[in-house]
Amino acid sequence: GAPVVPVAHNAGEVWPKNAFVKRPGTVTVRIGPPIDSAGRSAAELTRAVEAWIETEMTRLPPAAARQ
């Protein structure tokens, strides 16, 4: 019954998955509005959170634009 706060970030652009060495850069983090979970199934809640994150990821600037 607790609200879920979605978070989107682009850390993968400067800290690639499974990479031992991390590159310097700016990680942008966006915190979304709480999404009410009351009356939603886990699948519905997951879809709502994923939709917010996916939309927000398209708005995050690419790493090259921040350097």
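Start at 1 with the first residue, then count along the sequence.
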| query | Which value, rounded to the nearest 0.5 Å, describes the distance between His9 atom NE2 and Met57 atom CE? | reply |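 Reported value, rounded in 0.5 Å steps: 7.5 Å.
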Heavy-atom closest contact ([X] atom, [Y] atom, distance):
| X | Y | answer |
| --- | --- | --- |
| Pro6 | Ile35 | CG-CD1, 4.0 Å |
| Pro3 | Ser37 | N-OG, 4.2 Å |
| Lys22 | Pro16 | NZ-O, 4.2 Å |

Residues at least two apart in sequence or cross-chain that pass salt bridge (Lys or Arg N to Asp or Glu O under 4.0 Å) with Arg59, listed by chain then number, are Glu56
Hits for side-chain contact (heavy atoms from CB on, under 4.5 Å) against Val21, two or more places apart or cross-chain, chain-then-number order -> none
Can you find a heavy atom in the side chain of Pro34 that is under 4.5 Å from one in the side chain of Val4? no
Worksheet entry | Arg30/Leu60 under side chain to side chain contact (heavy atoms under 4.5 Å, CB included): CA gap, chis, key distance, verdict | CA-CA 8 Å; Arg30 301 264 170 86; Leu60 290 174; 3.5 Å; yes
Return a table of donor-acceptor pairs under 3.5 angstrom between the side chains of residues 42-53 and protein atoms on other chains or two or more places apart.
unit_1	atom_1	unit_2	atom_2	d
Glu44	OE1	Ser41	N	2.8
Thr46	OG1	Ala42	O	2.8

Verify, without hydrogens or angle tests, whether Asn10 (side chain) and Thr28 (backbone) share a donor-acceptor contact under 3.5 angstrom. yes
